[in-house]
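Numbered from 1 within each chain, the chains take letters A, B, ... in sequence-line order. Predicted model only: the values in this text are computed from it and were never measured.
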Amino acid sequence: LKSWNKAIKKQIQEGNVNRGLTTFVSMQEKGFHPDNFTFPILIEAASCRSLISLGYALHSHTIKSGYCDDLYVQTSLLNMYSSFENVHHAYKVFKQMPVKDIIAWNSMLDAYASNGYTKEAAMLFESAPLKDVTSLNIMISGHAKAGQFQLALALFNAVPARDTASWNSMIFACSLAGHMEEARRLFDKVPKKNIVTWNTMVSGFLKTELYVEVLELFNQMRAENFKPDHVTISSVLAA
RNA sequence: AUUGUUCUUAGGAGC
């Protein structure tokens, strides 16, 4: 069963969801029943491809096979409905979870924050018994996407426990609001930049047509031994 | 190391 799951995951990671589903079917034909490891793999594939009817089918399959009470299965279903922008179903799953760990709380927080339910997100963030830096990051990027630059900044400043993703989200929030000088100021203060930090800054400058700054950034990138990745390339190509 | 949460580009998918 382990190797079936591994095979399905590998096929999906290679971008071949159909192949993964075929494997899923043949494993059952050979008498292997999917377990609590199998479902999250398939559910996540349905999420990122927006395969809505597959998602529903998988959900009912988890119920029929008795795996719907597994924490990982539940969390992946929650996130699946969130990615389908179906916050009500996401909440329904969340509400029915008897045990919720921090990932479950963060997943529900993200369901609200990423789908524009800013009030609900803020309330959940206040009341959540389990929080970490990811919860903060979810809130910052939620505010950013909602065009609430000031709220994002206030939260960012209020919480000293930040990681690189927090900085990246805040830089992104600045770019969205058109505050490129602030974005650059933060960028220069990031303690540990990663490739996303660079890409966020590059695409911010590209969107605001600050091409000289983009070139400077590329030089600085080389000086600091970062290599452009496929995201860097496609953001330049798109501009 | 068989599974679930947050940050950047494009595309795809849906509305």
Side-chain angles (χ1 to χ4, degrees), chain A residues 1-10 12-13 15 17 27 34-55 62 67 70-80 82-86 90 93-94 97 100-114 121 125 128 130-145 152 156 162-176 183 187 190 193-207 228-239:
Chain A
L1 190 55
K2 244 190 194 181
S3 26
W4 284 103
N5 289 340
K6 267 186 171 166
I8 294 174
K9 178 162 197 190
K10 191 170 164 224
I12 286 173
Q13 275 174 344
V17 176
M27 81 183 266
D35 66 1
N36 50 328
F37 286 76
T38 321
F39 286 113
I41 299 171
L42 292 165
I43 291 168
E44 203 201 339
S47 307
C48 59
R49 300 267 165 141
S50 299
L51 301 170
I52 298 186
S53 36
L54 175 64
T62 64
Y67 284 108
D70 178 85
L71 180 61
Y72 281 62
V73 172
Q74 291 165 334
T75 310
S76 60
L77 286 169
L78 197 174
N79 286 302
M80 178 188 81
S82 170
S83 78
F84 294 166
E85 299 170 38
N86 194 331
V93 173
F94 179 73
M97 296 175 67
K100 302 175 176 81
D101 67 0
I102 190 158
I103 296 190
W105 283 95
N106 284 341
S107 298
M108 191 61 229
L109 190 63
D110 182 59
Y112 283 143
S114 297
F125 184 66
L130 300 169
K131 281 182 244 193
D132 63 5
V133 66
T134 298
S135 329
L136 170 74
N137 297 343
I138 291 168
M139 289 302 293
I140 293 176
S141 82
H143 284 139
K145 288 174 199 152
F156 180 80
R162 309 164 186 139
D163 64 8
T164 302
S166 325
W167 287 89
N168 296 345
S169 302
M170 198 55 233
I171 292 169
F172 183 62
C174 293
S175 314
L176 280 184
F187 177 82
V190 181
K193 296 187 189 71
N194 61 20
I195 187 65
V196 178
T197 318
W198 290 95
N199 289 342
T200 306
M201 200 65 236
V202 167
S203 71
F205 282 146
L206 285 173
K207 264 182 281 184
D229 68 356
H230 71 280
V231 175
T232 328
I233 308 292
S234 52
S235 52
V236 173
L237 289 180

Asker: What does Asn79(A) touch in the nucleic acid at a heavy-atom separation under 4.0 angstrom: a base, only the sugar-phosphate, or nothing?
Answerer: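 Sugar-phosphate, backbone atoms only, no base.
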
Asker: Among G4(B), U3(B), U5(B), which nucleotide sits nearest the side chain of Leu71(A)?
Answerer: G4(B)

Asker: Please determine whether a side-chain nitrogen or oxygen atom of Lys145(A) lies at a distance below 4.0 Å from atom OP1 or OP2 of C7(B).
Answerer: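 For Lys145(A), the contact criterion (side-chain N or O under 4.0 Å from OP1 or OP2 of C7(B)) is met.
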
Asker: RNA chain B: Thr134(A) or Thr38(A), which has the more 5' nearest nucleotide?
Answerer: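 Its nearest nucleotide being more 5', the pick is Thr38(A).
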
Asker: Between the main-chain N or O of Ala46(A) and the side-chain N or O of Ser50(A), is there a donor-acceptor pair closer than 3.5 Å?
Answerer: no

Asker: For the aromatic rings, using the six-membered ring if either is Trp, is the centroid distance between Phe187(A) and Trp167(A) under 6.0 Å?
Answerer: no

Asker: Let's see if you can work this out: which of C7(B), U2(B), G4(B) has an atom nearest to the side-chain heavy atoms of Tyr72(A)?
Answerer: G4(B)

Asker: From Asn137(A) CG over to Thr164(A) OG1, what is the distance, rounded to the nearest 0.5 angstrom?
Answerer: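 It comes to 9.5 Å.
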
Asker: Base, sugar-phosphate or nothing for Asp101(A)? Non-hydrogen atoms, less than 4.0 Å.
Answerer: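 Here Asp101(A) touches the bases of the nucleic acid.
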
Asker: What about Ser76(A), does its side chain sit under 3.5 Å from the base of G4(B) through a donor-acceptor pair?
Answerer: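 Check fails, no donor-acceptor contact within cut-off.
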
Asker: May I ask you to decide if Trp198(A)'s main-chain N or O and Lys193(A)'s side chain share a donor-acceptor pair within less than 3.5 Å?
Answerer: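 No, because the side chain of Lys193(A) does not come within donor-acceptor range (under 3.5 Å) of the backbone of Trp198(A).
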
Asker: Check every atom of C7(B), U2(B), G4(B) against the side chain of Thr75(A) and return the nucleotide holding the closest atom.
Answerer: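 The closest nucleotide is G4(B).
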
Asker: Could you state the CD-C1' distance from Gln13(A) to A1(B), rounded to the nearest angstrom?
Answerer: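 Going from CD in Gln13(A) over to C1' in A1(B) covers 12 Å.
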
Asker: Measure from CG on Leu176(A) to P on C7(B) and round the result to the nearest Å.
Answerer: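 One finds 13 Å between P of C7(B) and CG of Leu176(A), rounded.
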
Asker: Testing the basics here: between Met27(A) and Asn5(A), what is the closest heavy-atom pair and its distance to 0.1 Å?
Answerer: CE-OD1, 4.4 Å

Asker: Mind telling me whether Phe94(A) and Trp105(A) have parallel, tilted or perpendicular rings, with 30° and 60° as the class edges?
Answerer: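 Geometry flag for Phe94(A) against Trp105(A): perpendicular rings.
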
Asker: Could you give the CG-to-P distance, from Asp35(A) to G4(B), as a whole number of Å?
Answerer: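 Distance check: Asp35(A) CG to G4(B) P gives 13 Å.
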
Asker: Expressed in angstrom and rounded to an integer, what is the separation of Trp167(A) atom CH2 from U8(B) atom C1'?
Answerer: 17 Å

Asker: At less than 3.5 Å, do the side-chain atoms of Asp70(A) and the base atoms of G4(B) form a donor-acceptor pair?
Answerer: no

Asker: Would you indicate which nucleotide in U2(B), C7(B), G4(B) comes nearest to any side-chain atom of Val196(A)?
Answerer: C7(B)

Asker: Between protein and nucleotides 9-15 of chain B, map the contacts as a letter string: B base, S sugar-phosphate only, - none, heavy atoms under 4.0 Å, written 5' to 3'.
Answerer: BS-BBB-

Asker: Tell me: CG of Asn137(A) to P of U8(B), nearest whole Å?
Answerer: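 Spelled out: CG on Asn137(A) to P on U8(B) is 11 Å.
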
Asker: Once you round it to whole Å, what is the distance between P of G4(B) and CG of Leu77(A)?
Answerer: 13 Å

Asker: Answer yes or no for Lys2(A) and Phe37(A): cation-pi contact, defined as NZ/CZ to six-membered ring centre under 6.0 Å and angle to ring axis within 45°.
Answerer: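 No, a cation-pi geometry is absent between Lys2(A) and Phe37(A).
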
Asker: Specify the separation, in whole Å, of atom CD1 of Ile140(A) and atom P of U5(B).
Answerer: 20 Å

Asker: Do Thr38(A) and Asp35(A) pair up side chain to side chain, a donor and an acceptor below 3.5 Å, judged on atom types alone?
Answerer: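 There is such a pair between these side chains.
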
Asker: Given atom CE of Met108(A) and atom C1' of U6(B), what is their separation to the nearest angstrom?
Answerer: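 Distance, rounded to whole Å: 15 Å.
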
